Number of protein chains: 2
Amino acid sequence: MVKYQVPDNQTRDRIFKAASEVFEEKGYDGARMQEIADLAGINKALLHYYFSTKDQLFGAVFQVLLRKMFEKIVSIFMEDISFKEKLRKFFDQHIEILIKNQKLPIFLLNELSHNPELVQGIRETLPYEQLRNSLFQKHAKELKGYGIKKDDMPQLMLTVVSFSVFPFAARDMITMMIPELADNKKFIAFMRDRKEFAADFVITALKNRKK
Amino acid sequence: MVKYQVPDNQTRDRIFKAASEVFEEKGYDGARMQEIADLAGINKALLHYYFSTKDQLFGAVFQVLLRKMFEKIVSIFMEDISFKEKLRKFFDQHIEILIKNQKLPIFLLNELSHNPELVQGIRETLPYEQLRNSLFQKHAKELKGYGIKKDDMPQLMLTVVSFSVFPFAARDMITMMIPELADNKKFIAFMRDRKEFAADFVITALKNRKK
DNA sequence: ATACGGTTAAACTTAATGGTTAATCCTTAT
DNA sequence: ATAAGGATTAACCATTAAGTTTAACCGTAT
């Protein structure tokens, strides 16, 4: 493979990374192409040389970030372990990921809510159907033992995900009510505590569910 | 009190209402003063006559919306009923409010995350300290019976709130994974089901908590 | 050598968009 | 009736941001 002036497409990658940061931080409307160019260490002309419009750049970034987050979740839930184990593992790993990407949830949720058509291009490529069905079938006995019917799965899954995602999306609301957690270190500790709290909470609720 | 041309401040109110809608729908960055003026049925000059800058208008709107939401939550939790009853009542009433203000959660959370200083003016006027303390003290015996220590209260309260708020904030993410719920009627039904699901879930988890 | 892709700087175009101005309207007080 | 003053308007202004253009530079492949 012949190398040109710039070996790989490092410029494109730098743009992509810069754009991810700026979009994630400010949202689509608040982001400025100039700021992205600055952060990538290039000028606006080159930025448009790689991504002709803001929309296109945003679309690319959004899709990657959404997929990244989604695939992490799926991969954990696809593993071949008991449902209870999955829960513990999920909260552990997912919360660690979110600690490293604290602004990601609110960014994804907000942009999605502002233009739902963003999903169009991604929907087909994500194995959400697969996840939904296989999750219930793989743990049919275990879930049946908990009195969880197939119809209950959406409520349950939403509940599980909200345990880890919501605190990050609502971070500043939490800070408002619990000023101690304004300190990032303490917030992270709080979220690490939450791993066990959440797993225990869900498992207890399931085990003792009225059938 | 002498009345001038316009008896009450109906114009101001119309502006305020229009601004609430537009900001809630598009966010600060996505909102246009022109659109607000149009929706209020006036022109931009008059808009600036009442609210000199976009920031000022936004600040006023945001504060009112945040307080509105917060006070509803507080009022339910302050009532003089058992903790279990509070939970059921909270999920019932809170979810009904959110059904009528579906975009409010993501709006508040997103704007707050973009400029946390928004809280400054509001913090003092909200009885969150009061809520935190009185909640635990009022139900000391009941919560003790569940093995909830004072330190556990933030985790518990966050959990409770996330049951009702998160689904609205994540509405389009949910729609992506559960296409049936794209239909608003069905989504509302789903959320009404969730009232009982959430209350049962939390109460079961509490009752059987390992101490 | 030369052709070409990546890159820069800088000036430019164009379409909003927030905010202003000066005049007009309307109601009430005198 | 008329003056005063708040409410309202149409037109305007200044700035910003996306995207373009142009001319030049530089390293590598042919």
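Residue numbers begin at 1 in each chain, while the letters A, B, ... track the order of the sequences. Just so we're clear, the structure is a prediction, and the values are computed from it rather than from any experiment.
A salt bridge does not link B:Asp92 to B:Arg192: none of the charged side-chain nitrogens sits closer than 4.0 Å to a carboxylate oxygen.
A:His94 and A:Lys195 share no side-chain donor-acceptor pair at under 3.5 Å. Inspection of the B:Glu24 and B:Asn101 side chains reveals no N or O donor paired with an N or O acceptor under 3.5 Å.
Taken residue by residue, residues 51-65 of chain A places no heavy atom nearer than 4.0 Å to DNA chain C. Within residues 23-36 of chain B, the residues that have a heavy atom under 4.0 Å from DNA chain C are, in order of number, B:Ala31, B:Arg32, B:Met33.
Judged purely by atom type and a 3.5 angstrom limit, A:Asp152 has no side-chain atom pairing as donor or acceptor with the backbone of A:Ile148. A:Lys86 places a side-chain N or O within donor-acceptor distance of the main-chain N or O of A:Phe77, the cut-off being under 3.5 Å.
Ring centers of A:Phe201 and A:Phe163: under 6.0 Å apart, within the cut-off.
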With the criterion being N/O to N/O and under 3.5 Å, what pairs connect the protein with nucleotides 8-14 of chain C, and how long is each?
from	atom 1	to	atom 2	distance (Å)
C:dA9	N7	A:Asn43	ND2	2.9

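If you run salt bridge (charged side-chain N to carboxylate O under 4.0 Å, His left out) between B:Glu35 and each of B:Lys26, B:Lys44, B:Lys54, only B:Lys26 comes through.
Two residues are said to be in side-chain contact when any heavy atoms from C-beta on lie closer than 4.5 Å; B:Leu108 and B:Leu112 fail this criterion. You'll find the side chain of B:Lys149 stays beyond 4.5 Å of the side chain of B:Phe136, heavy atoms only.
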